[in-house]
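Here's the structure, in structure tokens; my notes come after.
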Amino acid sequence: PFGNLSDCPNGSRWIMDVFNECAQDSRDVASIVLGLGSIGCFVAAAFPQFYQACRTGIMDQALSIYFLLGWLGGDLLNLIGSFLADQLPLQVYTAIYYVLADLGMLSLYCYYRLKNRGRAFPAPINAAFVFLSVGSLCSLSLLGWASPEAPGTFRGRALLSAPGDELAPKPFSRTEIIGFTIGSISSVLYLCSRVPQICTN
């Protein structure tokens, strides 16, 4: 649907077709390729942890539940923030993957906790897990309500894009401001979630 490159002169056709982004020079292409490599590393990093958890069966002793809940909260807020801030599709898809991976990791943790210790979780952890799980499912369902972009438009990379024909910068909408705020809270959760894991170690 985005075959017309008139709004993106000298743009890379495959990047426009696959990611709906305008990459006009080698710096733009390098940014996209390095970003994809970074995403690939993050995706691949989860699999050894899943394997180790299944092989040893002591995941509930090695990981802190608060660390996992902090990760899920951070990724959930990252997903909501990227949706509200109208981020690029690849960013939204990556955020969805992280939420699903966190839910998988939490499911393994709960399974081995019940198997190894045979007792239930404290009420606050149960409440947090239910809240974050329901929030994850609601966030994923909200993505279907996104209004489609006008045909022929593209989403530029703000940090690398050249100045356009606009005389003044376009102000952020209220939804985008809320999205950026939620993204900032997500960052705080990521940083704070390390503390209980260090204590567990």
Next item on the list: Identify the two heavy atoms, one from Ala44 and one from Pro48, that lie closest to each other, and give their separation to 0.1 Å.
Entry: O-CD, 3.0 Å

Notebook entry, point to check: Does atom CZ of Phe50 have more than 12 heavy-atom neighbours, drawn from other residues, nucleotides or ligands, at distances under 6.0 Å?
Noted result: yes

Next item on the list: Among Ile182, Thr181, Ile177, find the one that has a side-chain contact (heavy atoms from CB on, under 4.5 Å) with Leu84.
Entry: Ile182

Notebook entry, point to check: Rounded to the nearest 0.5 Å, how far apart are OG1 of Thr56 and CD of Gln61?
Noted result: 9.0 Å

Notebook entry, point to check: How about Asp102 and Leu68: do any of their side-chain heavy atoms sit closer than 4.5 Å?
Noted result: no

Check: Is the backbone of Arg27 close enough, under 3.5 Å, to the side chain of Ser31 for a donor and an acceptor to pair up by distance?
Finding: no

Next item on the list: Spell out, as yes or no, whether a donor-acceptor pair under 3.5 Å connects the side chain of Asn116 to the backbone of Gly57.
Entry: yes

Check: How many angstroms lie between CG in Leu63 and CG in Leu106, if you round to the nearest 0.5 Å?
Finding: 9.5 Å

Checklist line | Nearest heavy-atom neighbours spanning Asp25 and Asp28 | finding: OD1-N, 2.9 Å

Check residues 93-101 and write down every donor-acceptor pair under 3.5 Å in which the side-chain atom is one partner and the other belongs to a residue at least two apart or another chain.
unit_1: Thr94; atom_1: OG1; unit_2: Leu90; atom_2: O; d: 2.7
unit_1: Tyr97; atom_1: OH; unit_2: Val43; atom_2: O; d: 3.3

Check: Hey, is the main chain of Gly74 close enough, under 3.5 Å, to the side chain of Ser186 for a donor-acceptor pair?
Finding: yes

Checklist line | Cluster link Val18 to Val29, ILVMFWY, side chain under 4.5 Å | finding: yes

Notebook entry, point to check: For Phe180, which residues count as a ring pair (Phe, Tyr, Trp, His ring centres under 6.0 Å) partner, sequence neighbours excluded?
Noted result: Phe172

Item checked: For Thr200, side chain to side chain contact (heavy atoms under 4.5 Å, CB included) partners two or more places apart -> Ser64, Gln197

Next item on the list: Determine, using the 4.5 Å side-chain heavy-atom cutoff (strictly less than), whether Ile39 and Trp14 are members of one ILVMFWY cluster.
Entry: yes

Notebook entry, point to check: Heavy-atom distance under 4.5 Å between the side chains of Tyr111 and Cys54, does that happen here?
Noted result: no

Margin query: Could you report the tightest heavy-atom contact between Pro196 and Phe67, atom names first, then the distance?
Written below: CG-N, 4.0 Å

Check: Quick one: OH on Tyr109 to CD1 on Ile65, what's the gap to the nearest 0.5 Å?
Finding: 5.0 Å

Notebook entry, point to check: Can you tell if the side chain of Met59 reaches within under 4.5 Å of the side chain of Gln52, non-hydrogen atoms only?
Noted result: no

Next item on the list: Look up atom CG in Leu34 and atom OG in Ser38, then write down how far apart they are to the nearest 0.5 Å.
Entry: 9.0 Å

Notebook entry, point to check: Between CG of Leu36 and CD1 of Ile15, what distance do you get to the nearest 0.5 Å?
Noted result: 8.5 Å

Checklist line | Results of side chain to side chain contact (heavy atoms under 4.5 Å, CB included) for Leu191 - residues two or more places apart only | finding: none

Notebook entry, point to check: Under a single-linkage definition using a 4.5 Å side-chain heavy-atom cutoff for Ile, Leu, Val, Met, Phe, Trp and Tyr, are Phe42 and Phe47 assigned to the same hydrophobic cluster?
Noted result: yes

Margin query: Return the OG to CG distance between Ser82 and Leu77, rounded to the nearest 0.5 Å.
Written below: 10.5 Å

Next item on the list: May I have the step-by-step check of side chain to side chain contact (heavy atoms under 4.5 Å, CB included) for Phe83 and Gln91, ending in yes or no?
Entry: CA-CA 9 Å; Phe83 178 67; Gln91 292 171 294; over 6 Å; no

Notebook entry, point to check: Arg174: what forms a side chain to side chain contact (heavy atoms under 4.5 Å, CB included) with it, not counting sequence neighbours?
Noted result: Ile178

Margin query: Test of understanding: with side chain to side chain contact (heavy atoms under 4.5 Å, CB included), list the residues that count as partners of Val188, not counting sequence neighbours.
Written below: Cys192

